[in-house]
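These values consider heavy atoms only, across backbone and side chains, with no hydrogens, waters or symmetry-generated copies. Note that ligands are numbered from 1 as they come in the structure, with each ligand's atoms numbered from 1 the same way. Computed from a prediction, not measured in an experiment: that's the story for all the values here.
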Amino acid sequence: MTALMKTYSKPSTTLVKGEGAYLWDDTGKRYLDALSGIAVCGLGYSHPAVTEAIQQQSGALLHCSNLYGNELQNALGELITTLSGMDSVFFSNSGTEANEAAIKIARKYGSQRGIDMPQIITTENSFHGRTLAALSATGNKKIHSGFTPLVSGFSHAQYNQIAAIEAAASDSTVAVMVEPVQGEGGINVPAADYLNQLRTLCDQRGWLLILDEIQTGNGRSGEYYACHHNGILPDVMTTAKGMGNGVPIGACLARGHAAELLQPGSHGSTFGGNPLACAAAIATLTTIRDQGLHQRARQLGRDMIQSLRHALEGEAIVKDIRGMGLLIGIQLQQPCAELVEDAKQQDLLINVTAGDTVRLLPPLIISDSQAGEIVEKVALIIKSFAKQSTAMAQP
Ligand SMILES: *Cc1c(COP(=O)(O)O)cnc(C)c1O
């Protein structure tokens, strides 16, 4: 432990094994997982399709550099452009790197149009990653703190407000970059036509629309990619988390003119799209497609939100219950980080984000009864948390 940088607060649980929607810690205790390693393991743990693909690929070719052709990268490229509706793809190793590629596409677009200092509008409360350009894009002072000078060329406007985007615009604006649902920011679901309005605005102004689907993508929102709910496509889309079911891989997808902007020599990655990661992603995405797990996520999400609303009806501590597919947020009236430990005592793994919002991102493969168990336990811990808080508030 002491050898590790203190980037993460000291974990109170050490996980050693997983199967389906269950995880085991180093004492042998079993947990039902309602987090999926933060929207990563959509197929749960030890999924046979992924395990087999990795095992087979590791005996054939793990890595070969992008100096050489790689059949798996071609196959994954075909698959993910078909599922997303985009034209071309660049593979990265993480979400933040996918966003770096997207930002470089926007810069290239600006440079082609003769704009010296191209500006990208992003939103407040957003999260786009931890590398310098991505953290500068992120609309959260805490993420910026201590890392100045930030990368210039970003301005932040209120989320879910078209007028705010327009107000932040200038002659140098080249792109708007948003999450279809803000994940880290608290599962903030915008108005149903927000993305449509953004699409129209970007078309009118000649701006690129960049959608960060790193958390919403790969079936989690109830569609393959969340923008499909709106029947629109961005010019650039990034994704990562759920793409390789735990094997690190991300993608920056582009469409139309934006798909032509990066040329030989303008971008690259040593590991990006290597055979192992591609094999895992092909297995993951074909499983989601063949089993219709995106549709399953849509139905389960609706049911779980409805049951949560029912179970927590009349609880004054609950401010809002919202979500899309299996991205579910329960916002309380007060900070509630301790609920993570309370849930562990009920053998359940959850997360709290934005301080006051319980975030549920269960694997897409959970059964109806596991979904029911998550709802029941989450309602239970919130109710007893509410009782404790009222007791403490009394003199
Ligand atoms: C997690 C996340 C990122 C960063 O991805 P990493 O793989 O951690 O670099 C970026 N954007 C969104 C919306 C995310 O949820």
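Clustering of Ile, Leu, Val, Met, Phe, Trp and Tyr by side-chain heavy atoms under 4.5 Å joins Tyr159 with Ile121, Ile162, Ile165, Val176, Val178, Tyr194, Leu195, Leu198, Leu201, Trp207, Leu209, Leu211, Ile232.
Among Asp356, Val358, Ile321, the one residue that satisfies the side-chain contact (heavy atoms from CB on, under 4.5 Å) test with Gln331 is Asp356.
Note on Asp235 versus Arg199: salt bridge recorded, some NZ/NE/NH1/NH2 to OD/OE distance being below 4.0 Å. Salt bridge Lys377/Asp342: absent, no basic N to carboxylate O contact under 4.0 Å.
For ligand 1, residues of the protein lying within 4.0 angstrom by heavy-atom distance are Ser94, Gly95, Thr96, Asn99, Phe127, His128, Gly129, Glu179, Asp212, Ile214, Gln215, Lys241.
You'll find the side chain of Leu380 reaches within 4.5 Å of the side chain of Gln346, heavy atoms only. Taking the side chain as every heavy atom from C-beta outward, Gln370 and Leu32 approach each other to under 4.5 Å.
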